[in-house]
Structures are given as C-alpha cells and as structure tokens.
2 protein chains.
Amino acid sequence: MAVHVLAVLAYKEGDRVTSTLLAGSINTNPVMVRRLLLDLQRAKLVETCKGAGSGSRLSRSPGRINLAEVFRAVEDSESFATPNRKPNAACPVGNCIRETLNRIFLSAQNALERDLEKTTLATLLDMVKTSGACGQKKVS
Amino acid sequence: MAVHVLAVLAYKEGDRVTSTLLAGSINTNPVMVRRLLLDLQRAKLVETCKGAGSGSRLSRSPGRINLAEVFRAVEDSESFATPNRKPNAACPVGNCIRETLNRIFLSAQNALERDLEKTTLATLLDMVKTSGACGQKKVS
DNA sequence: ATTTTATGTAATTTCAGTTGTTACATTATT
DNA sequence: AATAATGTAACAACTGAAATTACATAAAAT
C-alpha cells in the first residue's frame with residue numbers, strides 16, 4: 001500500500017499530488033494517506049508542502065528509490081515478524097525463545113531486504129506498464 | 001508461535017505431548033494448538049495420535065527440521081505479504097500493481113526462506129539453551 | 001465392553017488493531 | 001483576506017484473530 005502511493009507519485013513524476021487525489025487513487029481516504037506520508041517523509045522519500053496548490057512528490061527520482069527503503073519506512077506499521085505474544089513464565093523454552101527467534105528473524109529480514117533492494121520504483125513502474133493487458137483507463 | 005510449539009516438542013524429544021500441555025506452555029488454549037498442529041501434520045512435521053495417553057511428537061529429529069519448513073507450513077495462516085486491499089478501478093497503476101508486487105514479494109520471500117533454511121530446530125534449541133541467564137524454572 | 005483421555009471441528013463470543021470519519025488548527029498560496 | 005491544502009486528535013465502525021464452549025470421534029486403559 002505504501003508502494004502504491006509511491007508508484008502513483010512516480011507515475012506523475014515531479015508533480016505535486018494532493019492527499020485527496022492519492023486517496024482516490026488507492027481507494028481509501030485522505031487521512032490514511034497523510035498518515036502514511038508522514039512515515040515516508042520521515043524516511044526522506046517524499047517531500048510535502050502545505051498550502052493551496054501543494055501536495056507531495058518524490059524527493060528523489062524513482063530510479064534512486066528501492067523497495068527496501070520503502071519497506072523500512074513503514075515496517076513498524078506493517079511489520080510481520082511481530083510475535084506480539086506475551087512471554088509465559090514457567091516454561092524452559094518459552095522464556096528465552098523470544099530473544100533467540102528475534103535474532104533469527106532479524107537475519108531473515110535482512111535477507112528479504114537485500115532482495116527488495118534490487119528493485120527500484122522505476123523498474124517497478126516499468127514492470128507495471130509492460131505487464132500486458134490490464135484494463136487501462138485514464139486517471140482522473 | 002508455531003516455532004514455539006515445535007521447540008517444546010523438540011525439548012521433550014520423542015515423548016508424546018498433549019495439546020493441553022502445549023497450550024499451557026505457550027500460554028494459550030488447547031484448541032489453538034490443535035489447529036496449529038493440523039498445519040504441522042499436513043506438512044509432515046509432527047505426528048499426532050488420538051486416544052488416551054497420546055499426543056503429538058516430531059516426525060523427524062530436530063536436526064532435520066529447518067525453520068523455512070515451519071514457515072511454509074503455516075504461511076497461509078500467518079502470511080505477511082497479504083495486501084488484502086480491494087483493487088480499485090480507474091487508476092492506471094492501481095490495476096496492475098498488485099500482480100507485479102506479488103511477483104516481487106515472492107522473490108523476497110524466497111530470499112527470506114533461504115535464510116531460514118540455515119537454521120534447524122536443533123540449533124535453535126541449542127541457541128536457546130546457551131543464551132545465558134534466563135530465569136529458568138522447571139516445567140510442569 | 002465401558003470408561004477415560006485425547007483429538008478434530010464447528011459455532012459463537014470477545015478482543016484488539018486497523019481503518020474510516022469528522023473536526024479543526026495551521027500554513028502557504030492566490 | 002480567502003482559499004486550499006496538510007497535520008493531528010478524537011471517536012466510531014469494521015475486520016480478523018483469539019478464546020471459549022460444545023460435542024463427535026477415536027484410541028487406549030481398566
């Protein structure tokens with residue numbers, strides 16, 4: 001979903017896009033988009049201006065943004081390896097396994113991110129564009 | 001959480017363990033454990049018998065079970081790359097991006113699994129055992 | 001055989017986290 | 001000034017996971 005926003009931004013390269021327009025594009029409401037944009041701003045992936053006629057745009061060219069960065073920008077909100085289960089006393093494995101698993105998952109997540117690094121927003125957009133016959137309609 | 005169950009099973013190697021005991025160990029209820037065990041049975045990671053004095057045990061030695069297998073056994077239930085967002089028409093990127101992202105995430109997930117393959121249940125257990133000072137109490 | 005112990009599974013409820021909505025202050029442009 | 005946009009908080013609605021309950025079934029123990 002974060003990727004989707006960035007893809008739209010990349011699509012209209014350079015232009016400032018309002019959160020309302022983005023929201024319509026990914027079929028949600030402006031507030032959700034703005035919340036997401038805050039993460040992306042923190043990660044220095046987008047620049048947002050307030051005021052009339054403003055909006056957001058990529059802060060770098062799509063070729064210089066890879067998906068691992070995007071993943072990291074939002075990983076807290078969309079994390080996956082969060083066991084979020086309360087540790088249980090009185091179990092010899094239960095006590096320490098959490099910490100050990102964290103280390104293992106961290107390594108696995110690194111592997112995942114290294115793979116995501118291979119794809120930039122620009123190549124993603126190319127893939128989407130050339131991915132054959134999707135019912136293409138003009139955007140509003 | 002699936003890993004946790006298997007770790008306990010590995011801990012009492014060979015013994016049959018009831019779902020009730022496992023549930024207490026990971027601090028949940030027996031039904032959750034049984035549902036999880038069904039996945040693990042399908043993946044041929046555990047063997048379960050009904051009847052009095054029965055329960056589950058690993059179907060292989062912990063050294064021959066790696067974490068990628070565990071991940072795959074439960075990935076449908078605990079999947080992470082599920083954008084679960086309805087596709088939205090009338091957006092040129094929105095239409096095709098789903099499918100493209102799926103391909104990319106599949107690759108990333110492969111990378112993740114290849115990393116998980118490096119760790120077996122046995123090494124995990126070793127790590128837990130030697131991971132220093134955790135308040136160890138005897139299990140019930 | 002009957003009782004006991006355990007799994008398999010469905011139906012329902014409970015709970016938490018996410019998402020959506022509304023509202024409004026703030027800021028920049030026109 | 002007036003307008004158009006973001007930032008942000010408060011709250012409602014929704015969704016999905018987990019817990020609970022219940023019961024049928026199967027295997028073992030007696």
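Here is the naming used below: chain letters follow the sequence lines, and residue numbers restart at 1 for every chain.
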Quick one: [X] [atom1] to [N] [atom2], roughly how many Å, whole number?
| X | N | atom1 | atom2 | result |
| --- | --- | --- | --- | --- |
| Met32(B) | dC15(C) | CE | P | 16 Å |
| Leu37(A) | dA5(D) | CG | C1' | 12 Å |
| Arg16(B) | dT5(C) | CZ | C1' | 14 Å |
| Leu21(B) | dT5(C) | CG | P | 16 Å |
| Asn27(B) | dA18(D) | CG | P | 13 Å |
| Asp39(A) | dT19(C) | CG | P | 12 Å |
| Ile26(A) | dT19(C) | CD1 | P | 10 Å |
| Leu36(B) | dA19(D) | CG | C1' | 15 Å |

(Q) Quick check on side chain to side chain contact (heavy atoms under 4.5 Å, CB included): which of Thr120(A), Leu9(A), Leu58(A), Val46(A) does Ile65(A) satisfy it with? (A)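 Single pass found, and it is Leu58(A).
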
Q: Look at the side chain of Thr20(A) and decide which nucleotide, out of dG8(C), dT6(D), dG7(D), has an atom nearest to it.
A: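 Looking only at side-chain atoms, Thr20(A) lies closest to dT6(D).
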
Q: Check every atom of dG8(C), dA5(D), dG20(C) against the side chain of Arg35(A) and return the nucleotide holding the closest atom.
A: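 Looking only at side-chain atoms, Arg35(A) lies closest to dG20(C).
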
Q: Would you give a per-nucleotide map of nucleotides 22-30 of chain C, 5' to 3', where B means the base has a protein non-hydrogen atom under 4.0 Å away, S means only the sugar-phosphate does, and - means neither?
A: B---BBBS-

Is there a side-chain contact between [X] and the phosphate of [N], meaning an N or O under 4.0 Å from OP1 or OP2?
| X | N | answer |
| --- | --- | --- |
| Gln41(B) | dG8(C) | yes |
| Ser19(B) | dT7(C) | yes |
| Thr28(B) | dA19(D) | yes |

Q | Electrostatic pair Arg60(A)-Glu69(A), nearest N-O below 4.0 angstrom | A |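 Yes.
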
Q. Has the side chain of Thr119(B) got a donor or acceptor atom that lies under 3.5 Å from a matching backbone atom of Leu67(B)?
A.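 No; zero donor-acceptor contacts below 3.5 Å.
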
Q) Any side-chain heavy atom of Leu38(B) sitting closer than 4.5 Å to one from Arg34(B)? A)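 Counting from C-beta outward, Leu38(B) and Arg34(B) never come under 4.5 Å.
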
Q: Compare all side-chain heavy atoms of Val3(A) with those of Phe71(A) and state whether any distance is below 4.5 angstrom.
A: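 Counting from C-beta outward, Val3(A) and Phe71(A) never come under 4.5 Å.
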
(Q) Is there a path of hydrophobic side-chain contacts, each under 4.5 Å between heavy atoms of I/L/V/M/F/W/Y residues, joining Leu21(A) to Val31(A)? (A)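 As far as the 4.5 Å side-chain criterion goes, Leu21(A) and Val31(A) are not connected within one cluster.
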
Q) Touch check for Leu38(A), heavy atoms < 4.0 angstrom, all strands: base, sugar-phosphate only, or nothing? A)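 Sugar-phosphate, no base atom in range.
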
**Q.** Distance-only donor-acceptor check, side chains Glu47(A) and Ser59(A), under 3.5 Å
**A.**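 No, no side-chain donor-acceptor pair sits under 3.5 Å.
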
